Protein chains: 2
Amino acid sequence: MSPGLEYLSLLGSNAFADLLDQMPHRVLKLDRRRILREPGSPPDEVILAKAGILSMFQAHGSGRQTVALRYAGEAILPGSDSARYGVQAIVPSEVILAEAGAFCQLVDGSSEMRRLLIRQMQRNEAICYEWLVNCGRRDATARVAHFLCETAFRLGGGTKARMLNRFTQQQMGEITGQTSVNVNRVLAELERQNLITRKGREIEFRDWSELCRIASFRPDYLRA
Amino acid sequence: MSPGLEYLSLLGSNAFADLLDQMPHRVLKLDRRRILREPGSPPDEVILAKAGILSMFQAHGSGRQTVALRYAGEAILPGSDSARYGVQAIVPSEVILAEAGAFCQLVDGSSEMRRLLIRQMQRNEAICYEWLVNCGRRDATARVAHFLCETAFRLGGGTKARMLNRFTQQQMGEITGQTSVNVNRVLAELERQNLITRKGREIEFRDWSELCRIASFRPDYLRA
DNA sequence: CGGTTGTTTGAACTGATTCAATCTGTGTGG
DNA sequence: CCACACAGATTGAATCAGTTCAAACAACCG
């Protein structure tokens with residue numbers, strides 16, 4: 001978790017630990033790319049990301065759109081809608097599963113949990129809006145740059161000098177609404193412009209503020 | 001409000017009426033296209049749409065992206081992020097404004113209000129995800145068709161024979177992530193294919209199920 | 001009537017997709 | 001250690017969906 005954002009995480013919360021004590025739950029380890037929930041299956045469970053990164057996606061024809069990511073400490077709540085979306089691990093992950101009904105009842109009893117969850121929901125909403133602006137208004141370069149900034153920010157918190165990028169170009173395309181081929185060309189172009197350099201999956205930011213500028217990235221929406 | 005969706009509206013709620021009694025608030029009438037909140041202003045108020053349609057948008061360069069709509073009975077909550085978005089009336093509207101802090105405190109005391117608001121938040125999240133799939137994966141025709149289906153559904157509820165479209169082509173472009181010129185061409189093409197007919201702002205659906213098919217519209221996400 | 005807002009149309013252009021081939025890195029079994 | 005398989009990255013060429021710019025048209029309103 002990023003420094004300063006811990007208060008958003010369910011993992012550090014005593015209230016949440018108590019909650020788990022009070023209800024049956026199971027912990028699952030997921031391989032990279034392992035699908036946890038197929039699109040269309042009933043959302044009768046809460047999913048808490050204990051470690052790793054999860055993606056929520058919707059299949060569409062041959063392609064896919066990723067609608068949200070969940071990092072460690074974040075939950076996928078059993079909204080009646082979430083059934084429409086599949087859940088898949090981006091990297092090897094660990095999740096906690098609990099029955100939805102019991103979870104909701106218990107949460108309703110704890111004002112601390114409620115506050116925490118509402119915070120998360122509002123932040124997720126803000127991220128979703130930002131992604132919508134990304135896909136709707138920005139060109140391919142800005143979209144990829146924005147994804148890089150956001151990811152670096154969520155992973156790295158303080159330091160934006162470098163990051164280990166855990167996403168394939170295919171997945172970046174699914175997030176930013178384009179093809180993997182184009183993501184590749186954009187990354188190459190960003191490197192040619194000396195905004196980033198790449199060694200394997202490691203990305204070094206050579207000019208963070210310029211990258212933010214072309215991405216029109218302002219991180220306030222991530223602070224919750 | 002659509003038949004069967006009343007339970008989602010704050011307007012029909014006794015709890016909400018009581019809430020308003022307990023706190024200072026003011027009611028405002030808005031002309032069509034009137035901007036209620038500029039992007040960037042502090043979100044220290046709750047906004048409840050009493051009548052009409054509000055849009056939440058983000059300016060981006062010369063254009064704009066609409067990230068969400070609020071119909072009568074729906075609220076714009078004072079999430080710390082919402083400052084990033086402007087709020088504008090699509091049609092002549094009426095809103096209730098209340099101070100954020102007091103509102104939150106009072107809501108926290110009523111489990112009925114909490115349930116209602118969480119429902120709304122989840123539904124808004126589902127809609128946002130759907131819009132993301134729209135902008136990220138579907139082509140221009142499907143995007144416009146999807147917008148028409150969604151709007152007809154939210155306005156009309158039961159009957160999908162016709163609807164009065166209150167949006168300009170410019171606004172439809174801002175919602176579906178394209179230019180007004182292209183929205184125009186798509187509408188003309190939908191009409192040519194005899195899926196819809198237009199007289200002024202009235203749209204008649206000639207083949208609702210086919211329209212839903214090309215839009216890949218399934219309304220479950222709107223039921224909350 | 002003139003002014004304003006919104007719609008329609010055409011022509012040129014371009015950013016991104018598609019398709020297909022090639023290349024690279026990594027892990028596996030012999 | 002090499003050979004092979006596989007996932008992912010890279011590149012090129014052709015194509016196309018959607019944008020841009022500009023002009024004309026229609027509807028509405030004071």
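Letters A, B, ... mirror the listed sequences (proteins, then strands); counts begin at 1. Keep in mind that this is a model prediction, so the values were computed, not measured. Just so you know, these numbers use all the heavy atoms, side chains as well, and skip hydrogens, waters and symmetry mates.
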5'-most by nearest nucleotide on DNA chain D - A:R185 or A:R32: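 Residue closer to the 5' terminus by nearest nucleotide: A:R32.
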Using a cut-off of strictly less than 4.0 Å between a heavy atom of the residue and any atom of DNA chain C, enumerate the qualifying residues of residues 163-171 of chain A by number.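 The stretch gives none, as no residue of it lies under 4.0 Å from the strand.
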Starting at CD of B:Q88, measure out to CZ of B:R64 and round the result to the nearest 0.5 Å.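 Output value for this atom pair is 4.5 Å.
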I need the full list of ring pair (Phe, Tyr, Trp, His ring centres under 6.0 Å) pairs touching residues 160-198 of chain A, with sequence neighbours left out, sorted by first then second residue.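 Qualifying pairs, neighbours excluded: A:F147-A:F167.
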Pairs involving residues 26-47 of chain B, ordered by first then second residue, that meet ring pair (Phe, Tyr, Trp, His ring centres under 6.0 Å) (sequence neighbours left out):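 The answer is none; no pair qualifies.
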Could you state the CG-C1' distance from B:N182 to D:dT20, rounded to the nearest angstrom?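 In whole Å, D:dT20 C1' lies 11 Å from B:N182 CG.
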Gap between atoms CE and C1', on A:M172 and D:dG8 respectively (whole Å):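 Computing the A:M172:CE to D:dG8:C1' distance gives 11 Å.
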Return the set of residues passing side chain to side chain contact (heavy atoms under 4.5 Å, CB included) with [X] (not counting sequence neighbours), or none when no residue passes.
X: A:C212; value: A:C149, A:W208, A:F217
X: B:K50; value: B:L11, B:E94, B:I96
X: B:T141; value: B:D139, B:V186, B:L190, B:I214
X: B:R26; value: B:L28, B:E45, B:L97

For B:N194, does the CG atom sit with more than 12 other heavy atoms under 6.0 Å from it, leaving out its own atoms?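 Result for CG/B:N194: enclosed.
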Could you work out, with salt bridge (charged side-chain N to carboxylate O under 4.0 Å, His left out) as the rule, every residue matching A:E150, not counting sequence neighbours?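 With sequence neighbours excluded, A:E150 shows a salt bridge (charged side-chain N to carboxylate O under 4.0 Å, His left out) to no residue whatsoever.
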Taking side chain to side chain donor-acceptor pair (under 3.5 Å) as the test, write out the residues that go with A:R33, two or more places apart.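 For A:R33 there are no side chain to side chain donor-acceptor pair (under 3.5 Å) partners, ignoring immediate neighbours.
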Range on DNA chain C touched by chain A, heavy atoms, distance below 4.0 Å: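 Range of nucleotides touched by chain A: C:dA16 to C:dC19.
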Expected string for nucleotides 24-30 of chain D under the B/S/- scheme (protein heavy atoms, under 4.0 Å, primed atoms plus P, OP1, OP2 as sugar-phosphate) is -------
Just how large is the angle between the end axes of the helix from C:dC1-D:dG30 to C:dG30-D:dC1, five pairs per end, to 10 degrees?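 End-to-end axis angle: 40°.
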